[in-house]
Amino acid sequence: MRILVIGGGASGMIAALTAAENPENQVTLLERQARLGRKLAATGNGRCNLTNLNTNLSCFHGENPTFLQPALNAFGVSDTLAYFEQLGLLTVAEPSGRVYPFSDQATSVVDVLRLAIEQSNIRLEAGCEVTELYYHDDAFFAQTEERRYAADRVIVACGGMAGAKLGGTRSGYQMLKGFGHTCTKLYPALVQLKTDPTWVKSLKGVRAEADVKLFSGTEVLAETRGEVQFTEYGVSGPAIFEISRAATSTSDPLTVVLDLIPMMEQSALTALLEHKCHAFPNITLENFLTGILQNRLGRTLLRACGLKLEATCNSLKKRDLQKIADTMKAFSLPITGNMGMEQAQVTAGGIRTDEFDPNTLESKLQPGLYACGEVLDIDGDCGGLNLQWAWSSGRLAGQLKGAN
Ligand SMILES: Cc1cc2nc3c(=O)[nH]c(=O)nc-3n(C[C@H](O)[C@H](O)[C@H](O)COP(=O)(O)OP(=O)(O)OC[C@H]3O[C@@H](n4cnc5c(N)ncnc54)[C@H](O)[C@@H]3O)c2cc1C
C-alpha cells in the first residue's frame with residue numbers, strides 16, 4: 001500500500017516508522033521545513049521533556065479527553081520509553097516524573113528518530129509543503145509545489161498553530177476541513193501571561209517558587225505551586241504555563257495571585273517580620289526583606305505596599321507589617337493578555353475528535369484518512385504530556401487499522 005504521512009514532527013515521524021514496519025507498505029514522509037522535527041528540537045528549553053511517568057487521563061484537555069484513552073492504552077509511557085530505548089536513546093526521569101534524554105539535548109530525540117527513518121525504507125521529502133489534499137477515484141492526492149503524490153492511505157500529522165517560528169501552522173486544520181471535518185475554537189495554551197506592568201517590569205529575570213492562583217472575581221479557576229519567572233511584560237515559568245490554559249480560554253477579567261512564601265502561615269510570617277523589625281530597627285527598608293526574598297523582589301513588594309525604601313525599620317507600624325505580610329502571601333497581578341500562538345507551546349482546541357475513531361484514529365468521514373498529534377482537539381498539561389500524546393497517537397495512526 002502507498003502511505004503518505006504529512007508532517008515530519010513528533011507524531012509524523014513515529015507514525016511513518018510504525019507504518020514502515022509492514023514491509024508491504026511504501027511510506028513517504030512529506031515535511032514542509034528543511035529538517036525533520038524542528039519544533040521537537042526546541043522542546044523543553046532544548047532538553048525535550050519527552051514524557052511523564054505520572055501521565056494519566058486527567059492531564060489532558062479538549063472537548064472529549066477520553067478520546068485518547070485507547071491510544072494511551074495501546075502505547076503508554078512504558079511503551080514509549082521502551083520504544084526510544086530500542087532506537088538507542090538513553091533517558092532519565094526527574095523526581096517530578098518528567099523524562100528527558102540523558103544527553104540533556106532535545107536534538108538526541110530528533111536524531112534517533114531521524115536515523116531510524118534513514119535506515120528504513122521510508123522515502124523522506126523535506127522542504128516539501130502539501131498545499132492541497134483530496135480524494136479522487138479511490139486514491140488520495142497531495143499537491144506540493146513540485147509535484148503530486150498519490151496514496152492509498154494518508155496520515156495528517158501537521159501539528160497545531162502554536163510556535164509559528166518552529167513550524168506551527170493552520171495547514172493541518174485546513175486539509176482536514178477539506179474532507180468535511182470541523183474545528184473547535186483554537187487558543188494558545190502553555191503560554192506566558194501579560195500583566196499590569198507596574199511592578200513586574202522591575203522584576204524582569206527574577207524567579208520565585210510560589211503558590212499560584214488564577215482568580216475570576218472570587219472564583220479560583222486554576223491553582224498550582226512551582227516556579228514563576230517575571231518578565232518585562234508579565235509572568236512566565238512552569239507554574240504560569242500550568243494555569244495559562246484556564247486564563248486563555250476565557251475573556252473574563254482575571255487576576256493571578258502569588259503566594260511568595262508558600263511554606264509559611266501568614267501568622268508565622270507576621271511574627272518573623274516583627275522580630276526582624278525589633279532586632280534590626282536601624283536598617284533601611286531596602287534591606288528589610290533581605291534573606292527572606294530575592295532582593296529585587298523584596299524591594300518591589302515593599303514599594304507595592306506604598307513604603308519608601310530609605311525609611312528605617314523602626315518607622316514601620318503594626319499595620320505596615322501586616323500589609324507587607326499580606327502582599328507577600330497574595331501578590332496580585334491583573335492579567336491583561338497572553339503572548340499568543342507565536343509564543344505558546346501548544347494549541348488548545350483542534351479538529352473535533354468525535355469525527356475520528358479513537359481505536360484507529362481513522363476519519364469517520366473519509367475512510368483511509370488518519371490524523372494524529374496536536375492537529376486534533378487534545379492538549380496536555382505542562383511536563384511531557386503533549387509529546388506523549390504525539391507518540392501515542394502517531395503510533396496508533398501508523399498502524400493503519402480500520403479501512404480495508
Ligand atoms: C517551544 C516549545 C517547547 C515545547 N516543549 C515541550 C516539552 O518539553 N514537552 C512536551 O510534551 N511538549 C512540548 N511542546 C509541545 C510539543 O512540541 C508539540 O505538542 C508536539 O511537537 C506536537 O507534535 P505534532 O507531531 O502534532 O506536531 P509538530 O511536532 O509541530 O510537527 C508537525 C510537522 O508538520 C509539518 N507540516 C505542517 N504543515 C505541513 C504541510 N502542509 N506539509 C508538510 N509538512 C507540514 C511542520 O513543519 C512540522 O514539522 C513544546 C512546544 C514548543 C513550541
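Order of appearance sets the numbers: ligands from 1, and atoms from 1 within every ligand. Computed from a predicted model, the values in this text were never measured in an experiment.
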The closest protein heavy-atom partner of atom 34 (O) of ligand 1 is Gly7 CA, 3.2 Å
Student check: side-chain heavy atoms of Thr353 and Glu63 closer than 4.5 Å: no
May I ask you to decide if Gln143's main-chain N or O and Thr131's side chain share a donor-acceptor pair within less than 3.5 Å? yes
Examine the proximity of ligand 1 to Leu385 and report which part, side chain or backbone, both or neither, has a heavy atom under 4.0 Å away. backbone
Does Thr248 use its side chain to pair, donor to acceptor, with the backbone of Pro188 at less than 3.5 Å? yes
Gly380: heavy atom below 4.0 Å from ligand 1, yes or no? no
With heavy-atom distances below 4.0 Å as the criterion, list the atoms of ligand 1 near Ile6. 42 (N), 43 (C)
Evaluate the criterion side chain to side chain contact (heavy atoms under 4.5 Å, CB included) for residue pair Asp381 and Arg245; output intermediate values, then yes/no. CA-CA 9 Å; Asp381 289 340; Arg245 193 182 198 280; 5.8 Å; no
Minimum non-hydrogen distance to atom 47 (O) of ligand 1, winning option of Glu31, Lys165, Glu374, Arg32: Glu31
Quick one: does any side-chain atom of Ser244 pair with a main-chain N or O of Leu190 as donor and acceptor, under 3.5 Å? yes
Heavy-atom donor-acceptor pair, Gln366 side chain to Ser363 backbone, under 3.5 Å: no
Do the numbers put Arg147 on top of the ring of Tyr149, so that NZ or CZ is under 6.0 Å from the six-membered ring centre and no more than 45° off the axis? yes
List ligand 1 atoms under 4.0 Å from Gly373, heavy atoms only on the residue side. 26 (O)
Side chain to side chain contact (heavy atoms under 4.5 Å, CB included), that's the test. Do Lys308 and Leu302 meet it? Break it down for me. CA-CA 8 Å; Lys308 295 232 169 351; Leu302 292 171; over 6 Å; no
Can you tell me the protein heavy atom closest to atom 31 (O) of ligand 1 and the distance? Gly9 CA, 3.2 Å
Tell me whether ligand 1 is touched by Arg38 - counting only heavy atoms on the residue side and a distance under 4.0 Å. no
I'd like the name of whichever of Ala390, Cys128, Ser171 reaches closest to atom 38 (N) of ligand 1 through any heavy atom. Ser171
Heavy-atom contacts with Ala10 under 4.0 Å: which atoms of ligand 1 show up? List them by number with element. 23 (O), 25 (O), 29 (O)
Distance to 0.1 Å, residue and atom name: give those for the protein heavy atom nearest to atom 24 (P) of ligand 1. Ser11 OG, 3.6 Å
Checking contacts here: is it the side chain or the backbone of Met175 that comes within 4.0 Å of ligand 1, counting heavy atoms only? Could be both or neither. side chain
Just by distance, do the side chain of Arg153 and the backbone of Gly368 share a donor-acceptor pair under 3.5 Å? no
For the rings on Trp199 and Phe331, is their centre-to-centre separation under 6.0 Å? no
When distances are taken from atom 2 (C) of ligand 1, the protein heavy atom at minimum range is Gln345 CG, 3.7 Å
Should Glu355 and Leu176 count as side-chain neighbours, where that means a heavy-atom distance under 4.5 Å? no
Does the residue Gly172 have a heavy-atom contact with ligand 1, meaning some pair of atoms that are separated by less than 4.0 Å? no
Which bit of Cys158 is near ligand 1, meaning a heavy atom under 4.0 Å away: side chain, backbone, both or neither? both
Closest non-hydrogen protein atom to atom 42 (N) of ligand 1, residue and atom name please, with distance? Val130 N, 3.0 Å
Any Ala162 heavy atom less than 4.0 Å from ligand 1: no
Do Met161 and Leu186 touch side chain to side chain, with heavy atoms closer than 4.5 Å? yes
Numbering as shown, the atoms of ligand 1 that approach Thr43 to under 4.0 Å (heavy-atom distance): 3 (C), 4 (C), 5 (N), 6 (C), 7 (C), 8 (O), 13 (C), 14 (N), 17 (O), 50 (C)
Provide, to 0.1 Å, the distance between atom 27 (O) of ligand 1 and the closest protein heavy atom, together with that atom's residue and name. Gly159 CA, 3.2 Å
d(Arg170 CZ, Cys183 SG) to nearest 0.5 Å is 7.5 Å
Taking atom 5 (N) of ligand 1 as the reference point, the nearest protein heavy atom with its distance: Gly44 N, 3.0 Å
Which option out of Val156, Leu387, Leu40 puts a heavy atom nearest to atom 21 (O) of ligand 1? Leu387
Below 4.0 Å from any atom of ligand 1, is there a heavy atom belonging to Leu30? yes
Which bit of Lys39 gets closer than 4.0 Å to ligand 1, counting heavy atoms only: side chain, backbone, both or neither? side chain
